[in-house]
Chemist: 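My questions will all concern the structure given below.
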Number of protein chains: 2
Amino acid sequence: MTELFPTLSTRLRELKDLSGLVGLASWDQETYLPPKAVSARASQLATLQGLYHERLVDPALGELLSKAKTSARTEDERALVRVASLERDRAVKVPAKLVRELAEAQSRGVEAWKQGRDKGGFPVFAPALQRLLSLRREQADAIGHSGDRYDALLDGYEPGLTSQQLLPVLERLRDALVPRVAQWSKPSQDDPFVGRRFPKDAQWRFTLRLLEDMGFDFGAGRQDLSTHPFTGGTHPRDVRLTTRIDENNPFPAIFGAIHEGGHGLYEQGFSEADFGTPLAAAPSMGLHESQSRLWENLVGRSAAFWEHYYPILHDEMGAALAGMSLEQWLAQVNRVERSLIRTEADEATYNLHIVLRTELERALLSGDLAVSDLPGAWSDASERLLGIRPRDDREGVLQDIHWAWGELGYFPTYALGNLYAAQLHAAAERQLGPLEPRHRKGELRPLRDWLKQRVHEAGYRYPADDLVERVTGSRLNQADFVGYLDRKYGRNS
Amino acid sequence: MTELFPTLSTRLRELKDLSGLVGLASWDQETYLPPKAVSARASQLATLQGLYHERLVDPALGELLSKAKTSARTEDERALVRVASLERDRAVKVPAKLVRELAEAQSRGVEAWKQGRDKGGFPVFAPALQRLLSLRREQADAIGHSGDRYDALLDGYEPGLTSQQLLPVLERLRDALVPRVAQWSKPSQDDPFVGRRFPKDAQWRFTLRLLEDMGFDFGAGRQDLSTHPFTGGTHPRDVRLTTRIDENNPFPAIFGAIHEGGHGLYEQGFSEADFGTPLAAAPSMGLHESQSRLWENLVGRSAAFWEHYYPILHDEMGAALAGMSLEQWLAQVNRVERSLIRTEADEATYNLHIVLRTELERALLSGDLAVSDLPGAWSDASERLLGIRPRDDREGVLQDIHWAWGELGYFPTYALGNLYAAQLHAAAERQLGPLEPRHRKGELRPLRDWLKQRVHEAGYRYPADDLVERVTGSRLNQADFVGYLDRKYGRNS
C-alpha cells in the first residue's frame with residue numbers, strides 16, 4: 001500500500017513524457033520538418049498517440065487510480081487522482097471503433113473542407129459535416145450527459161462547465177456587444193502601413209524584448225517561426241512559442257508574440273512540485289486563452305503599454321515608422337470594425353463571431369438546424385449580430401477549420417478567454433493597485449508574478465470557474481469585460 | 001496466415017516510428033533544447049527507449065517472427081525476418097536487471113570520467129571502468145560467443161564480423177602505417193590561420209553549397225548547428241546533419257559538413273520500398289562510417305576537389321583567405337602529424353589511435369591487462385605506435401568518452417570506415433573511370449549515384465563485409481587504403 005503513490009506517479013510521469021514527445025513532434029512539424037517528411041511524421045505521431053491512449057486506458061492504471069482514490073490523504077493526492085481519473089474516464093468511455101471512425105471522418109472532413117473552399121462551396125463539405133455530427137452525437141452519448149449532448153463535448157475543453165452556466169453569460173455578452181460594436185465600428189480604410197517595410201530582424205528582436213520583459217524565461221523555452229503561431233513544447237521547462245513575421249505589417253509578429261507569450265507564461269508558471277503530474281496543466285482551454293488575451297489585449301493594446309514601447313519600436317524599426325505618431329499607432333492597434341473574418345476581428349467584435357458559432361453548432365448538434373440550412377442560418381446570424389452578410393462560403397461558413405475537424409464546443413473557449421482575462425485583470429488591479437503606471441514604465445513583472453502565484457501555480461487543482469472565483473471573488477461573467485471595453489472605447493449611450 | 005506479413009510490418013513500422021522519435025528527441029537535445037530542460041528530456045528519452053525495448057522484446061513479436069521465418073517466400077521477406085530477429089534476439093538475451101545495471105554504471109562512468117579529467121586523473125575513473133568491464137563481460141556471456149567475449153560486443157556494432165577477421169587486417173594496417181606515418185609526419189607549426197577571421201555566414205553558405213553539390217536533398221533533410229557534429233533524424237526523408245563553426249578556423253565546418261553529409265547521403269539513399277522496415281538501415285557502423293570518410297577524406301581532401309572549390313571558397317570568404325594559395329591550402333588540409341589526440345588526427349595517423357585502443361580494450365576485457373596498469377600500457381603503446389608519450393591522462397587514457405560509456409568494440413568501426421571507404425572508392429573508379437577529372441569540375445553526383453545504387457539501396461540486406469565483397473570483389477582488407485595513402489603522401493621506401 002505504501003508503494004501505491006510512487007507506482008502511480010511513475011505511470012503518470014510516463015504519460016506526461018509521452019505527451020511531451022507528442023508536443024515535440026508537433027512543434028517540429030510546424031517549424032523545422034523537411035517538406036518530404038510530412039507523411040513519415042504523421043505515422044510517427046499516430047504511433048505515439050496510439051501508445052499514449054493504450055497506456056491511459058490500461059486497466060492496471062484504472063485499478064491503481066481507484067485504490068488511490070480511497071487511500072489519498074492530502075489535498076494534492078486527492079487532486080492528482082481526480083484529474084488523472086477525469087482524463088482516463090473520458091478515454092475509456094469512448095469505444096476504440098468510434099475513435100477510429102472519428103479520426104477517419106476528421107481526415108475526410110478537412111479534405112472536403114479544403115475542396116469546398118477551393119471550389120464548390122459548402123455543398124462539397126456538407127456530407128462530411130453530417131457524418132461528423134452523427135459521430136459526435138454518438139461520442140457525447142458514450143461519454144454521458146444529463147440531457148444536453150453539447151455539454152459532453154464542451155466538457156472536453158472546459159471541464160466542469162455546462163451550457164446552463166455558459167449560455168446566459170454569452171447571451172448577456174451578445175446583448176451588450178451588438179449595439180456597442182455597431183456604434184464603435186469604423187469603416188474600413190486603406191492599409192495603414194502601405195509603402196512601409198518592417199525589417200524581419202528588427203521585428204524578431206522587438207518580440208524577444210517584449211517576451212523578456214513579460215518574464216518569459218528563455219532558459220526554459222524558445223521562440224521560433226511558423227506559418228500559424230502557437231504555443232507548444234514538451235515540459236514547463238521547455239515551452240516553445242512560435243510567431244510569424246510579415247514585412248509589410250508588424251502586427252502579426254508583435255501581437256502574435258505577446259499572445260503566445262501569455263500562453264507560454266502559463267506553461268512556465270506551473271508549480272515545480274507538480275511537474276510530471278497531470279496537475280501541471282491548465283484546468284480548461286478558456287482559462288489558458290485568458291492568459292494570452294489578457295497579455296495581448298488588456299496589456300498589449302493599452303495606451304500605457306505603448307507609451308513605453310512605441311519609442312523603443314520606433315528606434316528599432318528605423319525609417320519604417322517615420323511620421324507615424326503614437327496616437328496614430330494606437331488608433332491602428334485598437335480599431336473596431338464589424339467584419340466577416342473571425343481571426344481578423346478586433347477584441348470587441350471577436351466575441352460576436354463566437355456567439356454566432358456557438359448558437360449554430362448547438363443547433364446543428366441537437367438537430368434543430370439541418371446541415372443543408374447552415375449557410376443561410378450563418379448569413380442571417382451574421383446580419384443580425386454584425387450587420388453584414390458574407391458574399392460567399394469562404395467568407396462565411398467555411399472560414400474556420402474547426403468544424404471540419406469535428407470540433408464542437410471549442411469555439412466558446414475563445415470568448416471565455418476574453419471574459420476570464422477581464423475578470424482576472426480587474427482582480428489584479430484591485431489587489432496590486434492600478435497597473436497602468438507600471439506598464440507606462442515597462443514594468444510588466446508585477447502582473448506576471450501575480451498571475452503566476454494566483455493562477456499558474458494552482459495548475460489543474462480546481463475547475464477553471466472555481467479557480468477564477470477563488471482569485472477574483474466572482475464566477476464567470478461578462479460584466480468585467482464589457483466594463484473594460486466601455487472604459488476603452490467609450491460608454492454606450 | 002495471409003495476415004502474417006502485414007501484421008509483422010505494422011509491428012516493425014511501429015518500432016521504426018519509435019526509434020525515429022528517439023532520433024528527434026536526441027537531435028533536439030543537441031540543437032534547440034532550452035538549457036533548463038535537460039533533465040526533462042532525459043526522462044522523456046528514457047520513457048521512449050523503455051517503450052521501444054518493451055515492444056521489441058514482446059513475446060508476440062517473437063512469435064510473429066518465428067512463424068514468418070518458416071513462411072517467408074521472397075528474398076526480401078527472408079531478409080526482413082533475419083534482420084528484425086537479429087536485433088530482437090540480442091535484446092531478449094540480456095536480462096532487464098543487467099540492462100538497468102549497465103545504464104547506471106554508464107552514468108557513473110561518465111561522471112567519474114569527467115571528474116578524473118578535471119582533477120585526479122585516471123585513478124578517479126578506474127573503479128567505474130572496473131565495474132563496466134565486469135558488466136560487459138556478463139553481457140557478452142548473455143549474448144553468447146565462441147570463446148572470445150570481445151566478439152559478442154563487436155557484433156553489436158559490426159554484425160557478423162569476428163576478431164578472427166578483424167585482427168589480422170588491423171595488424172597489417174599497423175605494420176604498414178607505423179613506419180609510413182613516422183616518415184610523413186611533419187613537426188607541428190603555428191596556427192596556419194592566425195590573424196584570419198572566417199565569417200560565420202560565409203562558412204554556413206559554403207557548407208550548404210557543398211552538401212547541395214554532393215546530392216544531399218534539403219527537401220528531405222536539414223543542417224543545423226551543434227557543439228558536437230552528428231547525423232541524426234527520424235526517417236530517410238528527414239535526415240538531420242549538424243555542424244559547428246569556428247570563426248578562427250574553417251576546417252571544422254567544412255570537413256564536418258562533408259563528413260556528416262556522407263552519413264546523410266547514406267540515410268537518404270535507402271530504398272523507398274524499405275522505408276518503415278529494419279532493412280532501411282546500414283548493416284554496420286563501420287560501413288556507415290565508410291560513407292562519411294570517403295567523402296571527407298578521399299574526396300574532400302583531394303587536390304582535384306579543391307581545384308574546383310578553392311576559388312569558390314576564396315570568393316565566399318573575402319579577405320579571410322587573402323594571400324593563401326591553393327597549394328598552401330592543400331598543405332594544411334593534408335598535413336600528417338604524429339599527435340596525441342585521436343579526434344584531431346590526420347587520416348593516416350588516425351588509424352594508429354584505433355589500433356592502440358583496440359589492443360588495449362581487448363586486453364582489458366580478457367583480463368590480460370589490469371585496469372590499474374592501463375595508463376602505463378597506454379603510454380607504452382603510444383610510444384610504440386606514434387613515437388610520443390602523453391604528458392597526462394587527459395592527453396592519454398582519458399581523452400575519449402567511449403570507455404566511460406562502457407563502449408567496447410566500438411573503436412574499430414572508425415578504422416573499418418577508412419578501410420571500406422578506400423575499397424569502395426577504388427571499386428567506383430574501376431567501374432566509373434577516374435573520378436578526379438569530374439571532381440575537378442565539381443561533378444560529385446556520379447560518385448553519389450554509384451554509392452546509392454551499390455551500397456545505400458541494399459540497406460541491411462547483407463552483412464557489411466558481404467556487401468562490400470559484392471560491390472568491390474574483395475573482403476575487408478587494408479591494401480586499398482594503404483595504396484591510397486601511398487599515392488597521396490608518397491610511397492614508403
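In this text the structure is predicted, and so the values were computed from the model without any measurement. We name chains A, B, ... by the order of the sequence lines, and we start the count at 1 in each one.
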Chemist: Can you tell if the side chain of A:Leu48 reaches within under 4.5 Å of the side chain of B:Glu14, non-hydrogen atoms only?
Modeler: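 In short, these two side chains do not touch, never coming nearer than 4.5 Å.
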Chemist: Taking atom CZ of B:Arg237 and atom OG of A:Ser39, what is their separation to the nearest 0.5 Å?
Modeler: 9.0 Å
Chemist: Considering only heavy atoms, which portion of B:Leu33 lies under 4.5 Å from any heavy atom of chain A: side chain, backbone, both, or neither?
Modeler: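 It is both, since atoms from each part get that close.
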Chemist: What part of B:Tyr32 lies closer than 4.5 angstrom to a heavy atom of chain A: side chain, backbone, both or neither?
Modeler: both
Chemist: With chain B, which of A:Ala37, A:Ala40, A:Gly219 has the greatest number of heavy-atom pairs at distances under 4.5 Å?
Modeler: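 Among the listed options, the one with the most contacts to chain B is A:Gly219.
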Chemist: Treating B:Gln44 as the side-chain partner and A:Gly20 as the backbone partner, does any N or O pair qualify as donor plus acceptor under 3.5 Å?
Modeler: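 No, the answer is negative, given that no donor and acceptor are paired below the 3.5 Å cut-off.
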Chemist: Considering non-hydrogen atoms only, spot the tightest contact between A:Arg222 and B:Pro34 and give its length.
Modeler: CG-CG, 4.2 Å
Chemist: Indicate yes or no: at least one non-hydrogen side-chain atom of B:Arg41 is less than 4.5 angstrom from one of A:Leu24.
Modeler: yes
Chemist: Please lay out, stage by stage, how B:Arg240 and A:Asp28 fare under the test salt bridge (Lys or Arg N to Asp or Glu O under 4.0 Å).
Modeler: CA-CA 12 Å; B:Arg240 307 196 180 193; A:Asp28 183 74; 2.7 Å; yes
Chemist: Are A:Leu51 and B:Leu18 side-chain neighbours, meaning at least one heavy-atom pair lies under 4.5 Å?
Modeler: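 When only atoms from C-beta onward are counted, B:Leu18 and A:Leu51 do touch, with a gap below 4.5 Å.
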Chemist: Could you state the interatomic distance from NZ (A:Lys36) to CD (B:Gln268), rounded to the nearest 0.5 Å?
Modeler: 8.0 Å
Chemist: Quick one: do B:Arg55 and A:Glu54 satisfy salt bridge (Lys or Arg N to Asp or Glu O under 4.0 Å)? Show the steps, please.
Modeler: CA-CA 13 Å; B:Arg55 293 275 156 165; A:Glu54 195 182 305; 2.4 Å; yes
Chemist: Output all residues satisfying salt bridge (charged side-chain N to carboxylate O under 4.0 Å, His left out) with B:Arg90, sequence neighbours left out; order by chain, then residue number.
Modeler: B:Asp155
Chemist: List in chain and number order the residues that pass side-chain hydrogen bond (donor to acceptor under 3.5 Å, both in side chains) with A:Arg244, two or more places apart in sequence or in another chain; answer none if no residue qualifies.
Modeler: none
Chemist: What closest approach, in Å, do A:Ala25 and B:Leu21 show between heavy atoms, and which atom pair accounts for it?
Modeler: CB-CD2, 4.0 Å
